[in-house]
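By convention in this document, chain letters (A, B, ...) are assigned in the order of the sequence lines, proteins followed by strands, and residues within each chain are numbered from 1.
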Amino acid sequence: MGKKKEGDKSPRNFENNRFNRSESYGDDEPNFSDEENFEDTITDEELLAEFLIHRPREEDSYEGIIVVDGAPQVGPERLEKLKGVIKKMYGKFGTIINEFYPTDEKNVTKGFIFLEYKNPSDAVDAVNATNNYKLDKQHTFLVNHYSDFEKYSNIPDEWTVPEPQEYKDQGNLHYYLLDPDAYDQYCLICSGGSTVQIWQNAAPEPTVVEERPNWTETYVRWSPLGTYMATFHARGVALWGGPKFKQIMRFSHTGVQLIDFSPCERYLVTYSPDGPSDQRRVIIWDVRTGAEKRSFSLDGVSLWPVFRWSPDDKFFARIGQDVLSVYETPSFGLLDKRSIKIPGIRDFAWSPTDNILVYWVAEDKDVPARVCLLEIPSRQEVRANNLFNVADCKIHWQKSGDYLCVKVDRYSKVKKEKNDAKYSVSFCGMYYNFEIFHMREKLIPVDSVEIKEPIHAFAWEPVGSKFAIIHGDQHSINVSFYGVKQGQPPSLLKKFEKRQCNHLFWSPTGQFIVLAGLRSMHGSLEFIDTNEFVVMNAGEHYTASDVEWDPTGRYVVTGVSSWKQKVDNGFWLWSFQGKKLKKHNIDGFCQLMWRPRPPSLLSAKQQKEIKKNLKKYTPQFESKDRMRSTRASKELIEKRCQLMKTFEEYRQKNIQAWNEAKTRRLELRNNVDTDELESDTKNVEEEEIEFLVKEEHTVIEE
Amino acid sequence: MKPLMLHGHERAITQIKYNREGDLLFSSAKDHSPNVWYSLNGERLGTFNGHSGAVWTLDIDWQTRFFMSGAADFTLRIWDCSTGTQLGNIVTRSSVRTCAFSYSGNMAVFTTDKAMGHPCEIFVVDTRNIDSSFSDNDPIMRIPISDSKVTSILWGALDETILTGHEDGTVKIWDLQSGKELAKAREHTNSVNDMQMNKDQSMFITASKDNTARLFDANNLMALKVYKTERPVNSAAISPILDHVVLGGGQEAMDVTTTSTRIGKFDSRFFHLVFEEEFGRVKGHFGPINSVAFHPDGKSYSSGGEDGYVRVHTFDQSYYEFNFDY
C-alpha cells in the first residue's frame with residue numbers, strides 16, 4: 001500500500017518537491033519525494049485495479065431499466081387500470097423505483113412502457129419471466145433490457161455472408177500409424193493419477209513421446225479410432241492429437257464425468273451429474289467443429305453410455321420406460337418424429353457393422369420373453385425369438401457382426417402348487433442358454449447351446465467364428481471353446497478343465513487368447529493358440545488387475561493398478577506367445593491404455609493373400625529381429641563394460657590408499673595382520689565341531 | 001544346500017554379526033538374550049543373559065574377546081565372549097539403538113534414542129579396561145544430535161571418523177578429534193536402517209526404508225551405486241570375495257494386511273555391485289528380514305528375520321559359476 005500512496009500523490013506534489021528537499025537538508029529524515037524530472041509511468045489500472053472495478057460506469061444506471069413492448073394502448077381514462085395491472089405483474093420481481101408510460105398527442109399510451117428496478121438483478125428476472133408473456137389474445141409482451149438498445153440497433157439491415165473461418169491445419173492426426181514397424185502407442189497414467197505419459201512401444205525399449213503433469217483431473221480416454229485423446233477437467237473435456245499432442249478441441253461442460261465417442265469419431269457425448277440447472281446433463285457435440293448439437297436433461301443416468309450409436313454414426317438410440325428412442329443425425333431429432341413403443345424393453349445393442357439393433361423384452365406373466373432384431377431406419381423386425389423362464393439376458397455381438405450371441409439365464413421349471421388358493425413358487429436352480437444368431441445367413445437361423453453350470457465369462461473371437469466360455473463351480477472351473485459354422489449348430493471344439501481363471505482376453509486379430517485369473521486368483525495367465533488348442537505358455541503376474549492386448553495383437557500388457565491396490569504397482573509386457581518381455585515396476589501406476597487403430601485399409605482379399613504368402617515375408621522380419629536382439633545385447637554389454645571400467649578406476653585409488661595405510665592398521669591391532677583371513681596364523685586354535693549326519697531310531701524293547 | 005535354521009530366539013531378530021574369523025555368529029532379538037552360534041553347524045554355543053528389554057544392537061571386537069549389546073532397558077553391556085559373563089554395564093537415559101567397536105578395539109561408540117525429553121546422543125567410550133569402574137568412567141566424547149536420530153553407525157577407516165545413518169535418510173561423517181560433522185549426504189528419503197563396510201573399509205552400503213540400498217564412498221560420502229527394490233530394505237551387506245551385495249527386507253509387518261509371504265516379498269535379493277542388476281533371490285523367511293551378514297570368507301551368508309529365525313545359507317557351486325557378461 002505504501003508504494004501505491006506514493007505513486008498516487010507524486011503528480012500533485014511535484015510543485016512542492018524543491019521546497020521539500022531544501023527543508024529536508026536540515027534534519028536526517030529520509031526524502032521520499034520524487035526526482036525532479038520523474039515521470040510517472042504507472043497507470044491507475046496497475047495501481048488501483050481492484051478499486052477501478054467498482055468505478056461507476058455509464059451503463060450502470062440503465063441496468064435496472066426494462067422496456068415492456070406490446071402493452072395495450074389506452075387513453076387516460078383507463079391508464080390507472082393499466083398501471084395497476086403492470087404494477088401487480090412487475091412488482092413481484094422487486095421494487096420499481098420509476099415508471100414511464102409514453103403517450104402521443106391524444107394522451108393515448110404508445111404501447112410500450114419503461115420500468116426501472118432498484119436492483120438490476122430484479123430486472124433480469126423480470127425480462128426472463130415475462131418476455132413473450134401473453135396478456136390476452138391481442139397482447140403479447142416483448143420485454144427487453146433498456147441497455148440492449150445499442151445491441152439491437154447495431155444489427156445491420158442487410159444480411160451479409162459470414163466470413164469463412166480460416167482453415168486451421170492440425171497436422172497429420174494419423175501420424176502414429178506411419179511407424180515402419182507398426183509399433184503402437186500407449187497412454188500411461190502414473191504417479192497416482194497426476195501424470196499422463198504417452199509412450200511409443202518399441203523393441204527393446206519403449207520411448208516417451210509426451211509427458212505432462214496434471215494433464216487431466218480424473219482419467220483419459222482414447223477415441224475409438226485412436227485419433228484423439230480426451231482429458232477431463234472441472235470445466236469440460238479437451239481433445240488432443242497430432243505429433244505434439246496439441247489441443248485440438250475443447251468442450252465446455254462443467255463437472256463432466258463420463259464421455260462417449262460415436263464409432264466414427266464424429267460426435268462426442270458428455271455427461272455431467274451436477275450443473276447449474278437440471279438441463280444440459282447430457283450434451284452431444286460435433287467433434288470437428290466443437291459445436292453443441294443437442295442437449296438432454298436426463299435425471300439419474302444409471303447406465304453409461306446412455307446413447308448407443310449405430311456403427312456409421314447415422315443413428316443413436318436410448319432406452320426409456322417401455323420405449324426405444326432412435327434419433328438420427330445430423331438433424332438430431334427423433335427418427336420419424338416418434339419413439340418406438342416396446343413394452344417391457346430391458347436392453348438393446350447395435351450391431352458393430354450394420355444398422356441393425358437387437359433388444360430384448362422381459363417375460364410378463366404368460367407372454368414370453370422376446371429377443372428381436374430390428375432394422376433401422378425401416379423399423380422392420382428381421383428376426384424374433386421367444387424364450388421362456390428367462391431371468392436375464394446379456395447381448396454379445398461378435399466384433400465383425402457375423403454372429404450374435406444372447407446369453408439367457410433361465411430358471412428350471414417353476415413348480416406351481418395350489419396351497420390354500422395361493423401360488424407358491426419354487427425355483428430349482430439356474431441354467432444357461434447361449435442363443436447364437438447367424439447374421440449372414442438367410443432368415444438368420446438361431447442355434448442354442450445349453451450349459452447347466454454357472455457362467456463366469458463369455459467372449460467372441462473378434463475375427464473368426466469361435467467363442468469361449470468360463471463355466472463351472474468355484475473349485476472346478478472349465479473353459480470351453482465352441483466353433484460356429486454356416487448352417488450348423490455350434491460344436492464344442494475343446495474343453496480345458498480345472499483352470500485358474502475368471503477373465504477371457506482374445507487377441508484383437510483372433511486365434512490367440514489369454515485366460516487370466518485376475519485379482520483373487522493371484523494373476524495366473526495362460527496363453528492359448530486356438531488353432532490347435534495348445535497352451536503356448538503359462539505365467540503369472542501376482543495380483544494383476546488388468547490385461548490389455550495391443551491393437552496389432554502382438555503384445556499383451558498385464559498391470560497392477562494403484563487404483564485397486566497400493567503395492568507392487570506396474571505393468572509387464574508379454575509377447576502374444578506368453579513370453580515375458582519386460583517388467584515395468586512403477587510406483588503409483590494407475591492405468592495403461594493402448595492407442596486404438598482404425599481398421600486396416602487392406603481389403604479382406606488382400607489380407608488373405610498376405611496370410612497365404614506369410615512364408616515369403618517371415619525371413620525378412622526374422623533377420624530384423626535377430627539384428628535388433630544382437631544390437632540390444634551388444635549395447636548392454638558395452639554399458640556394463642563402461643560401468644566396470646569406471647568402477648575399477650575408482651577402486652584402484654582406494655586399494656592404493658589401503659595398501660599405504662597398512663602400517664597404521666598394524667599399529668592399531670598390536671601388529672597382528674588381519675588383512676586376510678589366513679594372514680594371522682600364530683593365534684589360531686583348532687576347534688572340533690560335530691555335525692549331525694544321520695538320525696536313527698532303533699526300538700530296543702517293545 | 002539346505003539352510004541351517006537357527007531357532008534360539010522367541011521374538012524378532014534385530015541384528016546378526018559374524019566375528020572376524022567367521023567361526024561364530026552372534027544374534028540379538030527383541031527377546032532379552034543375545035545368542036552365539038557355531039556358524040559351521042548351527043550349534044548354539046551360549047547366550048548372554050542379563051538384559052531386561054529388547055536388544056537392538058550388538059558388536060564383537062576383532063579379537064572376539066568382548067561382546068557388546070545395547071538394549072531398550074537403557075543399558076549398554078559388555079560381556080566376556082568366552083564365558084558369557086557380564087563385565088561392564090553403562091546405564092543410559094534412553095534406549096541404546098546402535099553400537100560398534102573401533103578397528104583397534106580400544107574404543108566403542110554407541111547411540112541412544114531421542115526419548116522422554118532426552119536428545120539422541122553419540123557416545124564414544126574407552127574399552128581397553130573393562131571392569132567395575134567401566135560404568136562410572138566418563139565417555140571420551142559425547143555428541144548430542146538435535147535433528148533426526150541416529151539409526152545405524154560405523155567406524156570410519158583407521159578409527160579417525162564415525163559414520164552415522166539417520167532416521168530422515170541422511171548419512172553423516174564425524175571427526176573423532178573435534179566431534180564436528182565433516183560431511184553429510186542426503187540420498188535416501190527415508191530411515192537408514194543399516195550400514196555395512198566392504199572388506200577394505202573404503203566403501204559402505206546403506207539399507208533404507210525408501211526401498212533402496214546405496215553404495216557410498218566411506219571417505220567423502222560420494223554416492224556410488226543404488227540398488228532398487230519394491231520393499232523397504234532393512235539390511236544390506238557386501239560380499240568380501242565377489243562383486244555382489246545382498247539385501248534383506250520386505251513389507252513391514254505392520255503394513256501387511258494380507259499376511260501372505262508372497263506379497264510381503266521377504267526374500268534376500270542378490271545384486272551385482274557394479275551393474276546394480278538383481279540376479280538372484282533366496283526365499284525362506286515368513287516375515288521381513290531385519291539383518292543380513294556375509295561370512296568373512298564369502299562362502300555363506302546369514303539372514304535374521306522378524307519371524308525369529310536366523311538362516312545360514314552356504315552357497316552352491318553354481319553361485320560361483322554364475323557370471324555377468326561384459
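A:F647 has its side chain within reach of B:L215: a pair of non-hydrogen atoms, C-beta onward, lies under 4.5 Å apart. In this structure, A:R640 and B:E277 have side chains that are in contact, with non-hydrogen atoms separated by less than 4.5 Å. The shortest distance between side-chain heavy atoms of B:K265 and A:Y542 does not fall below 4.5 Å.
Between B:R231 and A:D568 there is a salt bridge, with a side-chain nitrogen of the basic residue lying less than 4.0 Å from a carboxylate oxygen of the acidic one. Salt bridge A:R651/B:D200: present, at least one basic N to carboxylate O contact under 4.0 Å.
Note: A:L643 leads A:N585, A:L643, A:T646 in heavy-atom pairs under 4.5 Å with chain B. When the candidates B:Q201, B:K228, B:E43, B:K199 are compared by the number of heavy-atom contacts under 4.5 Å with chain A, B:K199 comes out ahead. Heavy-atom pairs under 4.5 Å with chain B were tallied for A:M644, A:E638, A:Q642; the largest tally goes to A:M644. For the options B:D243, B:D217, B:L273, heavy-atom pairs under 4.5 Å to chain A are most numerous at B:D217.
Once rounded to the nearest 0.5 Å, the distance linking CH2 of B:W62 with CG of A:N670 reads 5.5 Å. Rounding to the nearest 0.5 Å gives a distance of 8.5 Å between CG of B:D159 and CZ of A:R669.
Within the 4.5 angstrom heavy-atom criterion, only side-chain atoms of B:N198, from C-beta onward, approach chain A. B:Y38 touches chain A through its side chain: at least one heavy atom from C-beta onward sits under 4.5 Å away, while N, CA, C and O do not. Proximity to chain A is limited to the side chain of B:M222, based on heavy atoms less than 4.5 angstrom apart.
Under a cut-off of 6.0 angstrom, the local environment of NZ in B:K17 is crowded, with over 12 non-hydrogen atoms contributed by other residues, nucleotides or ligands.
Listed here is the closest heavy atom pair of B:S104 and A:L668: CB-O, 3.2 Å.
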